[in-house]
Structures are given as structure tokens and as C-alpha cells.
Amino acid sequence: MIMSKHKDFLRTIVEEDLKSGKYKEIHTRFPPEPNGFPHIGHAKSIAINFGIARDYHGRCNLRMDDTNPTTEDTRYVEALKDAVQWLGFEWDNSVRYTSDYFDKLYEYAIELIKMGKAYVDSLDEETMREYRGTVTEPGRRSKYAERSVEENLDLFERMKKGEFKDGEHVLRAKIDMTAANMKMRDPLLYRIRHAHHYRAGDTWHVYPMYDFAHCLSDYIEGITHSICTLEFENNRDIYDWVLDELNLTPPRPYQHEFARLSINYTVMSKRLLLELVNKGRVSGWDDPRLPTIAGYRRRGYTPESILNFCDQIGIAKANSTVDVAQLEFAIRDDLNTKVPRVMCVLDPLKVTIENYEGTEEFDAPYYPEDIPKEGSRKVPFSKEIFIEREDFSENPPKGYYRLTPEQPVRLRHGYIITCKEVIKDADGNITEIIAAYDPESKSGRDTSGIKVKSAIQWVDANRAKTVEVRLYDRLYSSEAPEGLEDLNPDSLKVIKDALIEPAVITEKPDERFQFERQGYFYADPVDYTDEAPVFNKIVGLKDSWSKKTKANERAPRGERKPQAKKVQVEGEVEPMSEAEQALFDRYTGELGLNSMVADILARDEKLSSFYEETLTVLNTPVTLANIVTNEVARELKEKQAEELKFNAKQIAELVKMVNDETISNKIAKQVFEEMAKSGANPAQIVEDKGLVQISDPTLILPIIEEVIASNPDNVAKFQAGNTKLLGFFVGQVLKTTGGKANPQVVNELVAEKLK
RNA sequence: UGGGGUAUCGCCAAGCGGUAAGGCCUCGGUUUUUGGUACCGAUAUUCGGGGGUUCGAAUCCCUCUACCCCAUCCA
């Protein structure tokens, strides 16, 4: 497979971990809970986990995260396995189950208890919630946290044996009831559940919670990268806590999160999907309108198209909603090169060709010339045919290419016909067209010289087969649906008596077809029989004609409405304290700092004291303030001044070198980074790495000339007025000098050279 | 509201101090016996807002804003 040039952030992490030797081989896993049918969001996760394993020659497990006996079932296990296989992936070894680790998990829990890191709590649910505190108030610990190790061990064992009722006790980790991360306020590890587990049966009366089971299951399986969705970000702390506290033999897995998939005009939540199925708003979990794997599958989507789609949308951490058009593109793109073209008339209008007698059969290839596939069929033709009602217009709009009283049209693979007469019923509805054909115009040996604007699909009236066609549209009419009220009432249209050319049924060249000029269709795998064929519409063809006419109806000028510029509300800035204000005044007054820099320093005790210290060494208040508020501030964000590898004196020295132009600002940043890492003296770093600035034009000029010579395109662009390119040339020169050239000098020289 | 995240074109998304990738959508055009496909071309002087640092900022610093997640004995 071709790896795209730009890797996603997960693959970047994986590569780094492989390179650094953190892991020798990568091992991922797809760990759904078997409590519902998989949807395209799962497909994304499958594509990521199995895809990464494949790309880096690792392995990927399929694991059922089945720790909650009340929600899980084998039928979901089967559906999940099925989905992975359908998408074309193979899991490593056999399917794994968290429930297979219950014994091991129990042992780990005992270990935690023995370490004094876990306790049996006996608060009732409501009290426990109360004790947990809120996002703004810290929680407090239950009195049961004081229980002895022995008591905890005893209680936990009896919990396991089933001596207590549901909810009577739980096992909790002893972490921190005041933690800012709510998840860390002594999370539950085990709860009592007297329930039948679909696999473990009735042997267990305690079941581990996600936060305890998941990290350890990953560890047990030797997972290296535990990839999950964004909502588990807060759980990562527990993940790490459990694995670290248990003193496991390394290596251990690490969790990484990505944004879950959402697509407009549909829903992905289990709750909403379930509602649709339970209330009968769809025919079942495999209703072709549903974003479930089963639904897409029945609709006729191919695994390749779903995988391509997942590939196209990328992986990132921003919550976003992908346009369905992207999915539709993926399936069209896939089917275009694969499926045979046939003719089907959905809304028949009878055409009688007055000057034709007898019957004949046209030899019609299944694929257009641009598709390198072979195969053809016979298409019967006679005096009476049907065309699509839409393909005739008595009063055609501007730009109409099809049949009109004045405009001839070609019958695809057949003759050119001309309208002679329009027959209507009493209400004025068109019931039939009387037409004439040109015998010289037969497809493939047309000598008629007639020019037509288009070719339309048709079927022979006597030999066409009647088929049922199910036309699917988006399930919801709202882009971000919230419930049943947003349902699209026209999401399913059933056409009972569409007419199709006989070869489709008798020859069966495929299961998926393109009905020419209409879209891609799939022989419904459940309801189709040769006697009563049923086709599902997978997706329509791109239709720039109907788009144009509809756009004209809606907005005659068809311009994109100007987007209102986002209005930014300015928030309140916290006022300064008196002392801060005094400091601020001194900085802006006496020292001449600009107010922004002074503000940053005055408000930050750590920064200002660091700054004051640098001042005692060197008397250039402004430059010092700049480096302190920008570079030092970054280091001081998560550290105390004492933890820094460098000190104020060294910063002053660094600034001094900039001031006397020994090094450029650019180099100063580089040196600073080194200082932050190693704590070495700036002068030493500069000397070791030979970073002294080059300002001599005679040294720089040749390099500039070289850069100019090797980038003639950009020179031309620059001279044509693209002045931003100046930065490009400066950058190139700096790159070749390892950043040592004096950028100011380079700027001047480049500008002059390019003039 | 405390904590954790996120913000780059209509929709996704690269980018990690030196020319704002790419795909979808849209709009033109060429080819076409599918108003399809393919092909060519257009579409971000600007990266949520405002400041600062720098010769140079989407990238570093400060600040504000918006949205998402967390107070299930669910996962």
C-alpha cells in the first residue's frame, strides 16, 4: 500500500516510539464493547488500529471489552467480528475477551489492596456522589477508606463470593479525593453485580470497571499503543496510575486519543440509532439508510469505499463533522471503475416509433470506453419503448439537452429519434410520444449526420422486466439532527414498477450496476429474487444539470452568500493588584519596557523575580525583559525557578552576546534551547557548535548567488511582484549557513541582488 | 464555574520560525453516444480575536473568545 506523504499524529507517535526503541514491534487493538451494532465510527477506529498495525508490520487484536454483564450479548460479538472481516482485516490470533482476564484482574486488585492503594467502600450510591464533590469543589474521602488491608481483603473476597447484595460495597482506588480531574477522585475499580454474563456465566459476582480492566487488558495482551476516542482523555490519568502503581514489568502501553467520526445528516449515537430501530422508523439495524456497517453493506457500499473514506478524512484531535458528500464521493469513485452500465427506466413514458417495424437487438458493451473492462449484452428494441418521463419536455427550459418537439435525441446504443406528436389525457398529462427514427443513425455506424445533444436510456416495452427500485435519500433533513423530529420524510421512495433491460436479470453480470445517467444500484441481498428483483440505490451520479436547474429555482444568481464575519467578544481582563500595579509602573517608566511586556512580568511573581535577577548582571532592561517574557516564560510554565537548568546570570550572558552581535536572535533561541536542556553556559555552547554569526558580505554573497541560481522559478515569481518570496530566499541562505548568517545582512543583500 | 482538550477555505486536513500541501464541495473549460468519468484551470495576502517577541510568526510569549469532554456502581 502507498503510504501518504503526510502522516497523521498517531503514526508520527508510533514511528517515534519505534525509532527510539521504546517498542520493538507495535501492537494495537480494536476494543469495542459488544453492546450494539458497529457503525461507520467503528470503521474509522478499525481502519486506524488495523491500519497502523499493517503499516508498521505489527499486530492488532480484536478484543471484546465485556465487563458489564447487563448490556452485552453474543449477537453483537458476531456483528463486530463480521464488520472487521468485511472491511478486510485479520485480527491477531483469536478474538480476545476482557472477561477471559477476570481472574488475572482480580489478582491485580488484591495486589493493590495489599499495597494499601485500594479499599472497599460501603457508602451508598447517593452519598458517594455527594462525597465526590463537584468540578469546582473538592471531594472528601469516605470513612471506610480507613479500613485495614486485612479487612479490605476479607470484604473483597466475600464480595467475590457473592455474600453481598448489588451496591452494598465497591472497591475503589485510593488516589485523591481533591484531584482537579474528577476521574481521579478515588475511582471505582469493582462493583457487585449479580447478573448472568453472556460468556462468564454466573461464576462472578464482582465485575471490574472500565478504568481498571482496560489498561490491564492492554498490558496483558502486550499492547503498545492504546488508541481511543477523545472522551477518554480524562481517563488517561487512571490508565497511567493503575499501570504505574502495580510495578509491572515493562514495556507497558500508553493511551492516545483521536476525535471520533461524525457525519452530517445522520446520527452515530447508540441511543438515537436504537430509537430509530425500536420505534420502527427504519426497517432494522441493516436498514440501508443507517450509518451502521450492516446498513452500508446492505445498501451496496463496498469495504474499499469505506476504507478510502476513512483514509481521506484523516485523523486528528479536533471535533469535526465530515460532509456526507465525501462519503458519496468515495463510493462513486470506487464503483466507477468496477461495475457494468445498464439501462433502467424508473418513471416510464411510452414512445411509439411510427416508422419502425419488427424487432432487433443491439450489441451494447457493459463498460464505457474509459473503463478497461470487457463484456457486452444484447439490448432488445422494437416499435414500442419506454423512456424516462424527465427526458422529454414540451416546453424545455434553457439548456435542456433531451427530447423536445424540436430536438432529437439518441437512444443509447440505438437510433436517433425525433418527436412527431405528443398525446395527452383529459387532464393534459402526457401519456405517450409518437416519434420517428432515422435508420441511418444506428449506434456505431451513424451516417445520418444528425447532431444530438444527448443520449438517453430506454427499454423495450415488451421485453423489459419489471423491478422494484428503492431510492434512498439522507435519513435526516437536518444537518445536525437531534432526534426523530429531524427525520427526512422522503428518505425512502419505493418504485414498484421500474423497467429494466432483460440482460440484468438473466445474465447477472454483477450485483452492483450503474443505471446509466441515474446512479449506482445494488441487488438487495435479502429481498431480491429473479421473479421479483429488488434494487437499492447506493448513490446517485453527480448531476450537474439538476443542480443547475435547482439552483436557478432557489437563487437565480447562484452566488455564495457572504459569510458574516465572526464577531469577537472582548472579555474582561483581571485587574492588577496594588503591588503588581506598582511593579508595572516601574517597568514601563524607569526601565522603559512596553506595557505588554511589563504586564506579563508584573503579573507573574516567578518571572519578575527571575527578571530582577538578570538585571543585576546586565543593564539592558528591554532586551532582557523580552527574552524573559518569551523564552524563559515557556520554561517556567510548568516548572519552578529552582528546577530550571539555567540561571539568570546565564540568560544575561546570552543577551550580552546578542547585544554585541556575536550571535543573532535566531541563534540565541537555539542556544537557549540547549541551555534549557543541558544547563551549559551560553558562551560554551556557541563555541562548541561554532555558532558565531557571519556578517561579512563577502562570505554571504556567494551563498546568495548559489541560492538564486538554483531557484530560477522563484526568482521569476519574485520579480513578477511576489515579494513574500524574499523570506524564502533569506530562509534558504540561512539554512545553508546553518543559521549563522546575519539575517539582517542577508535580507539587505538578497533584496539588492534580486532587484 | 475547577480540570482536560480543540480552533488553518463552505466541509475534512497538512503544516512544528523561512513560498499557506492535499482531498471533498463549488465554479469555469476540454474530451465524451452517461449533463457520468477523465483531464486542465479558478477558488485562504491569511491561520478564532487582540497584543508582544523576531530581519521574518499559522508556528514562540501574553491575553481574550468560542466549542467539546469530566461530578454513571456505563464503556
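Chain letters run A, B, ... following the sequence lines, proteins first and then strands; every chain starts at 1. As the structure is a computational prediction, the values presented were derived from the model and not from experiment.
- Contact annotation: A/Asn336 does not reach the phosphate of B/U34 (side-chain N/O to OP1 or OP2, under 4.0 Å).
- Note on A/Lys451: every side-chain N or O is 4.0 Å or more away from OP1 and OP2 of B/U33.
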Measure all distances between protein nitrogen or oxygen atoms and nitrogen or oxygen atoms of nucleotides 45-47 of chain B, and list the pairs falling under 3.5 Å.
| from | atom 1 | to | atom 2 | distance (Å) |
| --- | --- | --- | --- | --- |
| B/U46 | O4 | A/Lys724 | NZ | 2.9 |

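- Within 4.0 Å of A/Asn742, counting heavy atoms only, lies no atom of the nucleic acid at all.
- In this structure, A/Phe232 reaches the bases: a heavy-atom distance under 4.0 Å links it to at least one base atom across the strands shown.
- The interatomic distance linking A/Lys183 (NZ) with B/G3 (P) rounds to 17 Å, in whole Å.
- In this structure, A/Gln732 and A/Asn747 both approach RNA chain B, and ranking their closest nucleotides by distance from the 5' end singles out A/Gln732.
- Within the 4.0 angstrom heavy-atom criterion, base atoms lie near A/Pro368.
- Taking every side-chain heavy atom of A/Val135 into account, B/A71 is the closest of B/A57, B/C73, B/A71.
- Atoms CE (A/Met596) and C1' (B/G49) sit 13 Å apart, rounded to a whole Å.
- If you check every strand for non-hydrogen atoms under 4.0 Å, A/Val597 touches sugar and phosphate atoms only.
- Checked for salt-bridge contact, A/Asp334 and A/Lys338 meet the test: a charged N lies under 4.0 Å from a carboxylate O.
- Stacking between A/Trp545 and the base of B/G35 is present: ring centres sit under 5.5 Å apart and the planes differ by under 30 degrees.
- Pairing of B/G36, defined by two Watson-Crick or G-U wobble distances under 3.5 Å, is not identified with any nucleotide.
- At a threshold of 4.0 angstrom between heavy atoms, the contacts of A/Arg185 with the nucleic acid are absent.
- For A/Lys717 and A/Asp713, the salt-bridge test fails: no basic side-chain N is under 4.0 Å from an acidic carboxylate O.
- Annotation: A/Lys606, atom NZ; neighbour count of heavy atoms from other residues, nucleotides and ligands within 6.0 Å is above 12.
- Taking 4.0 angstrom as the limit, A/Arg191 places a side-chain polar atom (N or O) nearer than this to OP1 or OP2 of B/A75.
- Residue A/Asp543 places no side-chain atom within donor-acceptor reach of the base of B/G36, judged by atom type and a 3.5 Å distance cut-off alone.
- The residue A/Phe329 sits close only to the backbone: its heavy atoms come under 4.0 Å of sugar-phosphate atoms, none of a base.
- Distances were taken from every side-chain heavy atom of A/Asn630 (C-beta onward) to each of B/U26, B/A14, B/G52; the shortest belongs to B/G52.
- Look at CG on A/Asp311: it is 12 Å from C1' on B/A13, rounded to the nearest Å.
- The residue among A/Lys717 and A/Ala325 whose nearest nucleotide of RNA chain B lies closer to the 5′ end is A/Lys717.
- Counted by atom type alone, A/Asn742 and A/Ser695 present one or more donor-acceptor pairs between their side chains at under 3.5 Å.
- Within 4.0 Å (heavy atoms only), A/Gly139 reaches no atom of the nucleic acid at all.
- The residue A/Thr134 sits close to a base: some heavy atom pair falls under 4.0 Å.
- Remark: A/Asp543 does not engage A/Arg517 in a salt bridge, criterion side-chain N to carboxylate O under 4.0 Å.
- Between A/Phe515 and A/Phe521, the ring planes lie parallel to each other; the angle is under 30°, not in the 30° to 60° tilted range.
- Within the nucleic acid shown, A/Lys542 comes within 4.0 Å of sugar-phosphate atoms alone, with no base atom in reach, counting heavy atoms only.
- A close approach under 4.0 Å does not occur between any side-chain nitrogen or oxygen of A/Ser454 and OP1 or OP2 of B/U34.
- Looking at A/Gln326, its side chain comes within 3.5 Å of the base of B/G23 through a donor and an acceptor atom.
- Considering only side-chain N and O atoms, A/Arg260 lies nowhere under 4.0 angstrom from the phosphate OP1 or OP2 of B/C69.
- In this structure, A/Glu369 reaches neither bases nor backbone, as no heavy-atom distance under 4.0 Å exists between it and the strands shown.
- The side-chain ring of A/Phe728 is not stacked on the base of B/G18, judged by centre separation under 5.5 angstrom and plane angle under 30 degrees.
- Within 3.5 Å, a donor on the side chain of A/Arg402 pairs with an acceptor on the base of B/G35, or the reverse.
- Listed here is the closest heavy atom pair of A/Arg412 and A/Trp458: O-NE1, 2.8 Å.
- What separates CG of A/Asp124 from C1' of B/U72 is a distance of 15 Å, to the nearest Å.
- Of the N and O atoms on the side chains of A/Ser122 and A/Glu168, not one donor lies less than 3.5 Å from an acceptor on the other residue.
- At the heavy-atom level, A/Arg132 lies under 4.0 Å from the strands shown only through sugar-phosphate atoms.
- Counting any heavy atom pair closer than 4.0 Å across all strands shown, A/Thr67 reaches sugar-phosphate atoms only and no base atom.
- Pair assignment for B/C67: B/G5, on the basis of Watson-Crick or G-U wobble contacts that are both within less than 3.5 Å.
- Remark: P of B/U19 and CG of A/Asn722 are 11 Å apart, rounded to the nearest angstrom.
- Closest to the A/Lys669 side chain, of the nucleotides B/C73, B/U53, B/U26, is B/U53.
- Nucleotide B/U34 holds its P atom 18 Å from the CD atom of A/Glu390, rounded to whole Å.
- Side-chain proximity of A/Met182 to the nucleotides B/C25, B/U34, B/G2 is greatest for B/G2.
- Taking only side-chain nitrogens and oxygens, A/Ser544 comes nearer than 4.0 Å to OP1 or OP2 of B/G36.
- Residue-level contact check: A/Val730 touches the bases, meaning some heavy atom is under 4.0 Å from a base atom.
- Phosphate contact (OP1/OP2 of B/A14, side-chain N/O of A/Lys7, threshold under 4.0 Å): absent.
- Note on A/Lys453: every side-chain N or O is 4.0 Å or more away from OP1 and OP2 of B/U33.
- Looking at heavy-atom distances under 4.0 Å, A/Thr321 makes contact with sugar-phosphate atoms alone, never a base.
- For the OP1/OP2 pair of B/U33 and a distance below 4.0 Å, the side-chain nitrogens and oxygens of A/Arg517 include no atom meeting the criterion.
- Between the base of B/U53 and the side chain of A/Glu631 there is no donor-acceptor pair shorter than 3.5 Å.
- At B/U72, one or more side-chain N or O atoms of A/Arg129 fall inside 4.0 Å of OP1 or OP2 (strictly under the cut-off).
- Between A/Ser320 and the phosphate of B/A13, there is a side-chain N or O to OP1/OP2 separation shorter than 4.0 Å.
- Here B/G52 presents its C1' atom at 8 Å from CG of A/Asn626, a figure rounded to the nearest Å.
- Remark: the A/Asn234 side chain and the B/G3 base include a donor-acceptor N/O pair separated by less than 3.5 Å.
- Side chain to side chain, A/His413 and A/Ser443 fail the donor-acceptor criterion of an N or O pair below 3.5 Å.
- A side-chain N or O of A/Gln514 and one of A/Tyr520 form a donor-acceptor pair less than 3.5 Å apart.
- No close placement of the A/Phe232 and A/Tyr239 rings is indicated, their centers lying 6.0 Å or farther apart.
- At whole-Å resolution of the value, NE2 in A/His413 and C1' in B/U32 are 14 Å apart.
- Put simply, the side chain of A/Arg412 and the base of B/U34 share no donor and acceptor less than 3.5 Å apart.
- Remark: A/Asn665 is in phosphate contact with B/C55, judged by side-chain N or O atoms under 4.0 Å from OP1 or OP2.
- In the model, A/Ser393 has no side-chain atom that pairs as donor or acceptor with a side-chain atom of A/Arg402 under 3.5 Å.
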